[in-house]
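One structure below.
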Amino acid sequence: MITLLDYGAGNVRSVVNAVERLGGSIKPVERPEDILNAEKLLFPGVGNYESMIRILNEKNYIRPLRAYLEADRPFFGICLGMHALFEGSEEDLSGYESLGIFKGRVDRFKTGLSVPHIGWNGVNLKKDSPVFRDVDQESKFYFVHSYHVVPQDPEIVLTTTCYDYEFVSAVQAGNVIGTQFHPEKSGNAGIKLLENFINQTDLTDRGRIEIQGRGLSKRVIACLDVRANDRGDLVVTKGDQYDVREKGDVRNLGKPVELAKRYYEEGADEITFLNITGFRDFPLKDMPMIKVLEQTSRNVFVPLTIGGGIRDYTDTNGTRYSALDVAARYFRSGADKISIGSDAVYIIENYLKTGVKTGESSIEQISKVYGIQAVVISVDPRRVYVESPDHAPGHHVIATRIPGPDNEAYCWYQCTVQGGRTARDIDAVTFAKACQDLGAGEILLNCIDRDGTNSGFDIELINAVCNAVSIPVIASSGAGCKEHFSQVFEQTEAEAGLAAGIFHRKEVPIQEVKNHLVQKNIEVRNRV
Ligand code: 1PR
């Protein structure tokens, strides 16, 4: 029996699914005494340290948790669940009592690389631990965090990982284990770690060893645009420059849950669902995407992003739902990240007018509770050609190598909303910078001109946005062959390449993309 410490802001569904897939059974902590009665305690932590430590104090969990840990009882903390073992975090200004089991603190990354550190990275094993038994040393694990632990005692370091510098990515002292990465989202390697924790009776490490891992991988993401067709069936569709209809019908490329499982098994590093009519339907009405997430997260153990319709709503009865309510429902159903599209454009337009961070926007509210790493902004820009930069005052204009219809040598990228239907007077570079300001963790950079064309990613657009932000950028739209992925990773700082059509139409298997990237010496996660 595994006792699960869920403080209400973690994506515990994936952890539950992983443990149940291993034949384990889960009992949630409901009262402080459940902690001391636990045989083995699993603490998945996602989001914001301050919220987590406040909730642990409010629920009177700190003392029983400290007693359990000081008795060296079997414990596995994930991400924030590991941070909680230390004396405090730079992320926490509240001054709430922390567990202080390990001497040391939690610091924000000090690096010129993108923060949060999102993606698949290797680990350097420092101790021979039963937890890593039969785990392929070439394995990569999924990280999504802006802070990392800084232990005072080197003896507790179980693994380190390299991201600009070597940071501690897992700790172990006796039966107390913590990992920065998410084993429940790290494919078979992660599942094996959890299996070792569940099945081993004696977890204590066997002393020092030295095994070197490899660096952060570029991510290959499969994207499923989802909507109801004219008969009301939920299908995976695909636009051609956002037009999803073919001979009058909504293109039907398959069922969301089945396709997502296939892509996971083919080696996709993440799966993104976009509910493309979300801007007009109320996602919690008949909750189509909720069921898709619940079913998908039972068999897919890599990060799931859900977008479409993340905004405030008032339903037909006049009941108001905030974007945070919608996001919370998605997180509880198995999502790891949410993606905000149209609402983000409206938010940024207001923010740029006033320069004031109200704390009320969906971007700020969701990142405050779930952490910036859980908030993706999906932007849908299109090229607007101009004779000179003077013809686009207030916009970020680039000199383009792809001249316009009237041979214009300049262009800017205009943001759109409602699935590209309405253009807004704001450019994608200015927009992306402001989104980062408000707490977005990642930019999903679509491109209407390239969407569905198989003509390759818009390298100029991606470079313009990557040069403007320090958070990860996902290149999207236009992938037509495996070479388009090596091109975008060689010519831009994009940390991920996303595609839809070539995967749905089975033109290029994901594994073929990865094998090609390996041949081009581009770091990828090649063991699923
Ligand atoms: O505005 O918060 O409700 O979010 C709506 C979301 O749905 C946005 O993220 C928007 O990008 C997306 N969306 C809305 N309408 C469409 C459409 O196609 N009619 N999809 C749409 C946009 C972008 C990617 C696509 C890549 C790769 N699709 O999902 O998969 O461009 O395509 P490719 O590899 O086939 O070229 P809100």
Side-chain angles (χ1 to χ4, degrees), residues 220-228 235-246 250-251 253 256 259 263 268 270-283 289 305-313 323 326-327 330 337-348 361-363 366 375-382 415-422 424 428 431 435 440 442-458 461-462 474-482 484-485 488 494 496-508 510 513:
V220 175
I221 301 175
C223 185
L224 294 82
D225 291 356
V226 182
R227 60 160 286 170
V235 299
V236 175
T237 188
K238 186 65 213 55
D240 179 353
Q241 298 182 53
Y242 287 41
D243 177 1
V244 299
R245 287 189 178 271
E246 193 164 34
V250 172
R251 252 181 222 103
L253 297 168
L259 270 185
Y263 295 143
E270 291 187 25
I271 303 284
T272 295
F273 291 111
L274 291 179
N275 171 5
I276 63 172
T277 54
F279 63 88
R280 62 169 176 245
D281 306 336
F282 176 36
M289 296 311 292
T305 301
I306 173 82
I310 311 269
R311 59 185 173 84
D312 296 347
Y313 280 88
V326 179
Y330 280 144
K337 300 189 262 186
I338 55 94
S339 155
I340 305 171
S342 308
D343 196 37
V345 177
Y346 305 130
I347 289 164
I348 296 306
S361 73
S362 53
I363 301 173
I366 299 168
V375 180
V376 180
I377 304 295
S378 173
V379 57
D380 304 307
R382 63 156 50 92
C415 293
T416 66
V417 293
Q418 300 180 333
R421 289 166 180 76
T422 310
R424 307 291 293 193
F431 170 76
C435 287
E442 204 168 27
I443 302 288
L444 168 50
L445 183 55
N446 300 302
C447 173
I448 295 179
D449 313 276
R450 297 298 177 98
D451 177 65
T453 63
N454 282 24
S455 57
F457 296 103
D458 185 330
L461 163 64
I462 297 161
I474 301 168
S476 166
S477 305
C481 58
K482 56 184 184 291
H484 286 152
F485 285 88
V488 78
L498 176 147
I502 56 167
F503 296 148
H504 302 336
R505 296 187 297 267
K506 298 189 177 178
E507 291 161 3
V508 181
I510 294 172
V513 171

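Computed from a predicted structure; not experimentally measured. Order of appearance sets the numbers: ligands from 1, and atoms from 1 within every ligand.
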Less than 3.5 Å between some nitrogen or oxygen of [X] and one of ligand 1, yes or no?
{"X": "Gly341", "result": "yes"}
{"X": "Asp343", "result": "no"}
{"X": "Arg421", "result": "no"}
{"X": "Leu498", "result": "no"}
{"X": "Ser477", "result": "yes"}
{"X": "Thr453", "result": "no"}

Ligand-residue contact atoms, ligand 1 with [X], heavy atoms, under 4.0 Å:
{"X": "Ser342", "result": "1 (O), 2 (O), 37 (P)"}
{"X": "Ser378", "result": "8 (C), 9 (O), 11 (O)"}
{"X": "Gly452", "result": "33 (P), 35 (O), 36 (O)"}
{"X": "Leu274", "result": "9 (O), 29 (O)"}
{"X": "Gly419", "result": "14 (C), 15 (N)"}
{"X": "Gly501", "result": "33 (P), 34 (O), 35 (O)"}
{"X": "Ser476", "result": "26 (C), 27 (C), 31 (O)"}
{"X": "Ala499", "result": "34 (O)"}

Quick one: does [X]'s side chain have a donor or acceptor within less than 3.5 Å of a partner on [Y]'s backbone?
{"X": "Thr416", "Y": "Arg421", "value": "no"}
{"X": "Arg251", "Y": "Asp243", "value": "yes"}
{"X": "Arg424", "Y": "Cys415", "value": "no"}

Using a heavy-atom cut-off of under 4.0 Å, does the side chain or the backbone of Arg311 touch ligand 1, or both, or neither?
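None of Arg311 does.
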All side chain to side chain contact (heavy atoms under 4.5 Å, CB included) counterparts of Ala344, not counting sequence neighbours
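Counting only residues at least two positions away or on another chain, Ala344 forms a side chain to side chain contact (heavy atoms under 4.5 Å, CB included) with Ile340, Ile363, Ile377, Phe431.
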Run Asn446 and Ser378 through side chain to side chain donor-acceptor pair (under 3.5 Å) and show every step you take.
CA-CA 7 Å; Asn446 300 302; Ser378 173; 2.9 Å; yes
Mind telling me whether Tyr263 and Phe503 have parallel, tilted or perpendicular rings, with 30° and 60° as the class edges?
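Rings of Phe503 and Tyr263: tilted, 30 to 60°.
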Counting C-beta onward and ignoring hydrogens, is there a side-chain heavy-atom pair between Gln241 and Thr453 closer than 4.5 Å?
yes
Between Leu444, Asp380, Ile502, Ile310, which one has a non-hydrogen atom sitting closest to atom 11 (O) of ligand 1?
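Ranked by closest heavy atom to atom 11 (O) of ligand 1, first place is Asp380.
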